[in-house]
Every structure is written in C-alpha cells, then in structure tokens.
Amino acid sequence: MFNKRVKIKDLLAAEPKNEEVIVMGWVRTFRNNQFIALNDGSTNNNLQVVVELGLFDEALLKRITTSASLKVTGEVVASLGKGQKLEVKARSIEILGDSDGEKYPLQPKKHSLEFLREKAHLRFRTNTFSAVFRVRHSLAFAVHKFYNDKGFVYLHTPIITASDAEGAGEMFKVTTLPFDNAPKNEDGSINFKEDFFGRATNLTVSGQLEGELAATALSEIYTFGPTFRAENSNTARHLAEFWMIEPEMAFYDLEDNMNLAEEFIKYLIRHAIENNKDDLEFLAQRLDEEEKQKPQAERSEMGLMEKLEFVINNNFERITYTEAIDILIASPAFKKKKFKYDVKWGIDMQSEHERYLVEKHFKKPVIVTGYPKEIKAFYMRQNDDGKTVAAMDILAPGIGEMVGGSQREERLEKLEERMREMHIPVEEMWWYLDTRRFGTVPHAGFGLGFERMVQFVTGMTNIRDVIAFPRTPKNAEF
RNA sequence: UCCUCCUUAGCUCAGUUGGUUAGAGCAUCUGACUGUUAAUCAGAGGGUCGUUGGUUCAAGUCCAACAGGGGGAGCCA
C-alpha cells in the first residue's frame, strides 16, 4: 500500500506534531552519514530525514546514494539543526531502488543546462527542471481556467491537416506510402490518391483556420495543442514541435483582441506568482547568480520576480507600426548606424529593432498594430488606408514575439481578392470561405507560443529548457 | 541555412612560442569524523585530448574536412 504516504510539500507546510508518517522520494544528498535530503517532486524543498547512529546496518546506509529511491517511516519532529523547521526521525528505511553512484550521471552540484539537455530523461531530478515543469503545469492549468471562466469552448483542432494554405512555414509530411517505392503519376510526381487519406497531408502549423469555423458558431473558442514546423531553425526560441494557444472570438475587433491578450498574459503570470512562489523564487535566485557572471553592462535591470510584478502592474505599451518605425528612425541607435538592417516604412522589423523598442525604448511589453499588408498573412482585415492590416503582435523583453494576432477579414470579396494576390488557392479553401458566405461576422484572434510564455515566467533563456523533450533539427532523442 | 566560438577524467575547467610520464576542483571508491545544509578531513582509482586525414624528427597544441554543442542572425510562435 503506497497511498498512505505523505507528500513532502504537505508535510513541510504543517506543524511538527510528533506523529509517525510514511514518506517516499529520491535522495538528493546524504550528508554526514546522518542526514538524507529527500525530494519527491511535490516541492522544490527537500525533507531532511535524520538517521540516528547505530540504528541501521552499515550495509543499508551504503545504499543511500544520490537518486536512490526510499520509503521512510518515522516521526515528524521539530528540527534541531538550522535550515529547516522540521525533519523526520527515521524508524525504518526501505530502499525501493538502488542508484549506483559510479554510474548515475548527476551529482549534488551545479550542472550546466547544456549538459542536462543531453540528460533530458534525468533532468527532472534537478531543482531547476522540477521547478520549471511545475511552473509549466501551473501555466497550462491557468490557460484552461482563464478561458473556461470566460465561457470559451476548448476546441481540439486536428493534428493532421490537408491544408497548407496558411503558409506559416515548412511542414512535416504525413504519409503511409513507402519511401523507396511510392506510387507515381504519369508525370513522375507522387500519386497521393493512393495514400492513407487519399491526398497529401501534413502535421498542423496552426489551428487557426479551423478555430475560425468554430468561433463563427460558438462565438468564443480556444485551442491549446501541439504545433509543428519543419523549419531548420537553430535558435534558443524555436522548436520543431511546440504548444500554442489560439483563441478565436466572434464579435471582437482588434481592440477587444488586444485587451483579451493583455488580460490573458497578466492572468497567467499572476496565477504563477500565486501558486508557484517557491519555484519562482528558486528560479529567480538561479537567474541572479547567472547574471552575476555577466559583465555589468549586459545584466538585466530587474530580477525575475520584479519583472513579473512590473508586467502585471503596468499597461502594455500600444503603438502602431508606423509609430514604431518613427521611433526607430529617431533613435540614437539608428543615427549611430548601430542597426545591421535598414529601417524604413514597409520593412519587416528585425529582432534588433523589436529588441530596441521593447528592451531599450519602452522597457516593457509592447503591442504593435497596423502592419503593412505585404508582410502579413492573407486573412488579416484590411484597413481603410489600403496599405495596412488590423494585425497585432505582442513583443516581450527577452523573448521577442510572444503573441501574433489580428482582426480577421470578414468581407468575402476583400478576402478573395487578397487570396488571389497572394496566390492562395481560393477553390481549395471553399470551407473557410463559407464562413464569410453564410452569416459572416467581425471576428478576431491570436496565437500565443506556450513555451515562450513559460520562458518569460521562469526566466529560462533557452526554449529547449522549458519543454520536457525538445524537438529541434537533428535532435529527437528521448 | 549563414556568421562566430567551443569540444582535454563522470562534471566544470587549466594545459606556455609544438618537446619527456597531460593537471586541478568536484564526483566516485577506501578510511576517519558525527547536528550536517553542495558537510568536512586523509588516501586511491579514473584520460586512445570529438572523429578522420595532413604538416613535422616530434601534435592536446598547427592545417583541413566531418560530427556534436554554445552564442548571434534568418524564418517564426
């Protein structure tokens, strides 16, 4: 019977009442042949288990090694030592699983994140990663709570799709055809009529188009699922498989959309602060130590907790694309020719430009609206000026683009015209266009990259460290 | 994919203008100690120096290619 165990989190939160308890967990360190730091993942804090002298066999004590799993029965008492309020005086210790100290790769010391990335199957057993994944869970839960409380419907959009119309990037092909002997058409191309679905299919790059179909009946929906991009991106902020949240709302204009996105981000951060205080404080401390290694000029001005508090207590800056370009052109960085890429109206802003706006000029999240239509997707609503669309991107310090969204083009003729201009196959998209043919309504939505949100909240600088098993070019181990 | 840096013990790293037997801390093992907080102290074991090829009397050190990783960029969320 295992379920009589007390979770370490609950045990540490209570007062010591000299009761006997059962605890189970993994050994973090065994100090002085007398003190076991035991962790069961329920909290970042370890339970100190005290082994009284002479009470246990030498042979048993030798087996209490880093990462061995234990079942401990003992009395909860006030701690004699400093550093913890209470501890468990062991009456019996059962080794559930040995851990050979010679072979176990992690030690009770600081490891580099790069090293741990290569040990992704064991990195959950470190303070940093257990904290990150508890925060990640908490944020995922908060996503559902936020939308549920607002009456949104959680929509499961397909993972496998035939549509590649959005043009959001290279796609992974899904097929059951044999690689070496695929059926061919007369012109030598592959005959997908013989494939599993009778047509070429891919892994989804976005659930938005399907989301719009549901939103134009259920009013407010959101999706939260995996998304796949076969781009050869080797950066600290890209994954080939990542999770995205895409709300889609009927009867919302661009401003409603911005308000929702800002409220959503602040809600997630607040939820984490309220529910993951210990983990965030640990991560903040970790980050502080990392910052100390950097030269003074590169250090961030705010600690993690400070940054999160600042974001939830201040309004996001809202500017138009045109204003953004004006700010960049007027900036000292531009005048001193510090930018590698030129700035003028019509450009797709580069990372350096976005970072200047967010990290140097405004020093807080910025919502940029009204981008030139040439650099944005076909479905975005065209503004009256004929040049811009009702797009909005939310740029966050250290992360870049966290949210990308828009009011959607609900006018059939305008939409079809734009699709033809951008060589989107209008006929294939008949199902999407039907929403504009039958009872079309103004609507809007956005996509939020979940891992980037987790990065922002945990302060982790590499996206590969906020997803359990990262999928990146040349890496699908575990 | 491009630019750039890196790859030496299980981990983090040192290794001089190319020159004998490649070092340190931590970890591991053995022993000591026993209210410790990444415990401490003493001793021991542990390396085809990323791979392949080249230059040289001699390569961890110089050159090339490849592989893996970091940082930056592009694409994007």
Side-chain angles (χ1 to χ4, degrees), chain A residues 28-37 45-54 58 61-62 65-67 77 79-84 87 89 99-119 126-127 166-170 205-208 226-246 261 293-294 298 339-341 348-355 375-377 393-396 399-405 446-456 461-467 472-475 477:
Chain A
R28 282 290 171 78
T29 65
F30 186 25
R31 286 184 294 266
N32 213 4
N33 229 10
Q34 198 180 0
F35 302 101
I36 303 167
N45 301 311
N46 299 327
L47 174 70
Q48 174 150 291
V49 175
V50 182
V51 179
E52 278 184 274
L53 281 171
E58 279 289 314
L61 297 184
K62 285 241 182 304
T65 54
T66 303
S67 228
V77 297
S79 178
L80 295 174
K82 286 168 192 151
Q84 58 281 318
E87 60 198 18
K89 234 157 85 181
S99 173
D100 185 341
E102 194 137 6
K103 293 185 183 134
Y104 183 68
L106 306 184
Q107 298 141 34
K109 69 164 210 173
K110 205 164 190 127
H111 287 288
S112 71
L113 296 174
E114 293 81 16
F115 170 72
L116 292 170
R117 223 169 277 152
E118 288 169 17
K119 303 274 180 291
T126 64
N127 286 331
E166 211 209 337
E170 292 295 310
V205 293
S206 164
Q208 181 199 318
T227 309
F228 307 88
R229 304 271 167 93
E231 296 286 353
N232 189 13
S233 295
N234 294 289
T235 78
R237 55 187 186 285
H238 288 89
L239 291 165
E241 178 182 289
F242 64 99
W243 288 67
M244 189 156 63
I245 297 138
E246 295 180 288
Q293 312 289 317
K294 293 185 189 165
E298 288 172 30
F339 291 133
K340 200 174 149 195
Y341 293 87
D348 201 353
M349 279 191 278
Q350 304 294 320
S351 293
E352 58 177 357
H353 306 138
E354 296 181 347
R355 291 183 65 163
I375 59 172
K376 288 291 181 185
D393 284 2
I394 302 184
L395 311 175
I399 305 290
E401 188 178 341
M402 186 185 272
V403 163
F446 61 85
L448 178 137
F450 185 59
E451 281 76 17
R452 291 187 180 175
M453 187 68 211
V454 181
Q455 274 189 277
F456 188 76
T461 52
N462 194 313
I463 201 166
R464 298 167 193 204
D465 296 329
V466 298
I467 189 166
T472 54
K474 303 279 190 292
N475 185 3
E477 185 103 26

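Residue numbers start from 1 in every chain, and the chains themselves are labelled A, B, ... in the order their sequence lines are given, proteins ahead of strands.
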Can you find a side chain N or O atom of A/Gln350 that sits less than 4.0 Å from OP1 or OP2 on B/G74?
-> yes
Determine: side-chain N/O of A/Ser112 to OP1/OP2 of B/U12, distance under 4.0 Å, yes or no.
-> yes
Within less than 4.0 Å of OP1 or OP2 of B/A32, is there a side-chain N or O belonging to A/Asn33?
-> no
Any strand is fair game: report the nucleotide pairing with B/G43 by Watson-Crick or G-U wobble, both distances under 3.5 Å, or none.
-> B/C29
Spell out yes or no: do the side chain of A/His238 and the base of B/C76 have one donor N/O and one acceptor N/O closer than 3.5 Å?
-> yes
Rounded off to whole Å, could you give me the CZ-to-C1' distance for the A/Phe115 and B/U12 pair?
-> 10 Å
Atom pair distance, as rounded to whole Å: CZ in A/Arg117 and C1' in B/C11 = 16 Å
OP1 or OP2 of B/A39 sitting under 4.0 Å from any side-chain N/O of A/Arg31?
-> yes
Between A/Thr235 and B/A73, is there a side-chain N or O to OP1/OP2 distance below 4.0 Å?
-> no
Calculate, to the nearest 0.5 Å, the distance between atoms CD and CG belonging to A/Glu401 and A/Leu448 respectively.
-> 10.5 Å
If we take the C1' atom in both B/G15 and B/A67, what is their distance in whole Å?
-> 25 Å
If you measure from the P atom in B/G23 to the same atom in B/G69, how many Å do you get, rounded?
-> 32 Å
From B/C76, B/U34, B/G68, nucleotide with atom closest to A/Arg229 side chain | B/C76
May I have the distance from A/Glu58 (atom CD) to B/U30 (atom P), rounded to whole angstrom?
-> 11 Å
Determine whether any donor atom in the side chain of A/Glu87 lies under 3.5 Å from an acceptor atom in the base of B/G35, or the reverse, and answer yes or no.
-> yes
In whole angstrom, give me the gap between the P atoms of B/U52 and B/U48.
-> 12 Å
Per A/Arg355 side chain, nearest of listed nucleotides B/A73, B/G35, B/G31 | B/A73
So, is A/Asn32 near the phosphate of B/U36, with a side-chain N or O under 4.0 Å from OP1 or OP2?
-> no
Out of B/U37, B/G70, B/C75, minimum distance to the side chain of A/Gln84 belongs to B/U37
A/Phe242 CZ to B/C75 P, straight-line distance once rounded to whole Å | 16 Å
A/Thr29 side-chain proximity, nearest of B/A38, B/G74, B/G35 | B/A38
Which base sits across from B/A65 as a Watson-Crick or G-U pair, both distances under 3.5 Å?
-> B/U51
Under-3.5 Å donor-acceptor pair between A/Glu114 side chain and B/U7 base | no
May I ask which nucleotide in the shown strands pairs with B/C2, Watson-Crick or G-U wobble, both distances under 3.5 Å?
-> B/G72
Is the distance from OP1 or OP2 of B/G70 to the nearest side-chain N or O of A/Arg464 less than 4.0 Å?
-> yes
Side chain of A/Ser233, base of B/C76: donor and acceptor closer than 3.5 Å?
-> no
On a whole-Å scale, what distance lies between the P atoms belonging to B/C13 and B/G70?
-> 14 Å
B/U16 to B/G53 separation - P atoms, rounded to the nearest Å | 25 Å
Rounded distance in Å - NZ (A/Lys89) to C1' (B/U34) | 16 Å
Any side-chain N or O of A/Ser79 less than 4.0 Å from the OP1 or OP2 oxygen of B/G35?
-> no
Between B/C11, B/U1, B/U36, which nucleotide has the shortest distance from any of its atoms to the side chain of A/His111?
-> B/C11
Test item: A/His238 side-chain N/O and A/Arg229 main-chain N/O as donor-acceptor pair under 3.5 Å = no
Closer to the 5' end of RNA chain B via nearest nucleotide, is it A/Leu239 or A/Tyr341?
-> A/Tyr341
By nearest-heavy-atom nucleotide on RNA chain B, the more 5' of A/Leu80 and A/Ile463 is A/Leu80
